[in-house]
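Below is one structure; the comments refer to it alone.
Since this is a predicted model, take the numbers as computed values, not measurements.
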Amino acid sequence: MIQLEIEPALNPNETRLQPSYRMDLRNFTEKEYNKFVKLNTVNDWSQLSWKGVGRPYEVTSFAQEKKSWEEVNQQSLPANISWQMFNKSFHEWFVKDVPAEMDKSKQNFMKSLTNF
């Protein structure tokens, strides 16, 4: 026998969280909507400058792995290889035994205190 879960009908201005999505029938005023969404904040693009908006973050230091790869290969690190290196490094955080690492750090700290 198939069991169906019957939900009450949605009312206007109601939101409901489903297992993989959200149903949202709320109506927002223009002021409420613009609290979260800002469109066309620049009226005159010719007047826009880095000084006015601030420069984006610029990376000035690079990983040792990048520097050594470029030294060995005599070229700048291609984007696809850079992403592979990043993904490998990022994945290591998920396979790391965090409790063991913390215990090891605590032991090293306690050992360093004995040197005082």
Query raised in the report: Does S68 reach the main-chain N or O of Q64 with its side chain, forming a donor-acceptor pair under 3.5 Å?
Result: yes

Report summary line: Rounded to the nearest 0.5 Å, the CE atom of M85 sits from the CG atom of N80 at a distance of 11.5 Å

Query raised in the report: Between the main-chain N or O of S76 and the side-chain N or O of E70, is there a donor-acceptor pair closer than 3.5 Å?
Result: no

Report summary line: Tightest non-hydrogen contact, residues N27 and N13, listed as N-OD1, 2.9 Å

Query raised in the report: Between atom CE of M102 and atom CG of D97, what is the distance when rounded to the nearest 0.5 Å?
Result: 11.0 Å

Query - Pair V53-L48, side chain to side chain contact (heavy atoms under 4.5 Å, CB included): steps then yes or no - result: CA-CA 7 Å; V53 296; L48 197 61; 3.4 Å; yes

**Report entry** Note: E65-K67 ion pair, threshold 4.0 Å (strictly below)
**Finding:** no

Query raised in the report: Hey, are the side chains of W69 and Q75 touching, using non-hydrogen atoms and a 4.5 Å cut-off?
Result: yes

Query raised in the report: If we only count heavy atoms from C-beta on, is the E14 to R26 side-chain gap below 4.5 Å?
Result: no

Requested in this report: Flag yes if more than 12 heavy atoms outside K51 fall under 6.0 Å of its NZ atom; otherwise flag no.
Outcome: no

Query raised in the report: Hey, does the Lys NZ or Arg CZ of K106 hover above the aromatic six-ring of F109, less than 6.0 Å from the centre and inside 45° of the axis?
Result: no

Query - Qualifying residues under ring pair (Phe, Tyr, Trp, His ring centres under 6.0 Å), relative to W83, sequence neighbours excluded - result: F86

Query raised in the report: So if you build clusters from Ile, Leu, Val, Met, Phe, Trp, Tyr with side-chain heavy-atom gaps below 4.5 Å, do Y57 and F62 land together?
Result: yes

Requested in this report: Heavy atoms only: give me the nearest S61-V59 pair and the separation to one decimal.
Outcome: O-CG1, 3.1 Å

Report task. Verify side chain to side chain contact (heavy atoms under 4.5 Å, CB included) between T15 and M23, making sure each step is shown before the conclusion. Result -> CA-CA 6 Å; T15 181; M23 291 190 294; over 6 Å; no

Query - For S105, all residues meeting side chain to side chain donor-acceptor pair (under 3.5 Å), sequence neighbours excluded - result: none

Requested in this report: Just do the side chain to side chain contact (heavy atoms under 4.5 Å, CB included) check on M110 and L113 with the steps written out, would you?
Outcome: CA-CA 5 Å; M110 296 307 264; L113 289 178; 4.0 Å; yes

Query - Partner set under side chain to side chain donor-acceptor pair (under 3.5 Å) for S46, not counting sequence neighbours - result: D44

Query raised in the report: Taking side chain as C-beta onward, heavy atoms only, is R16 less than 4.5 Å from D24?
Result: no

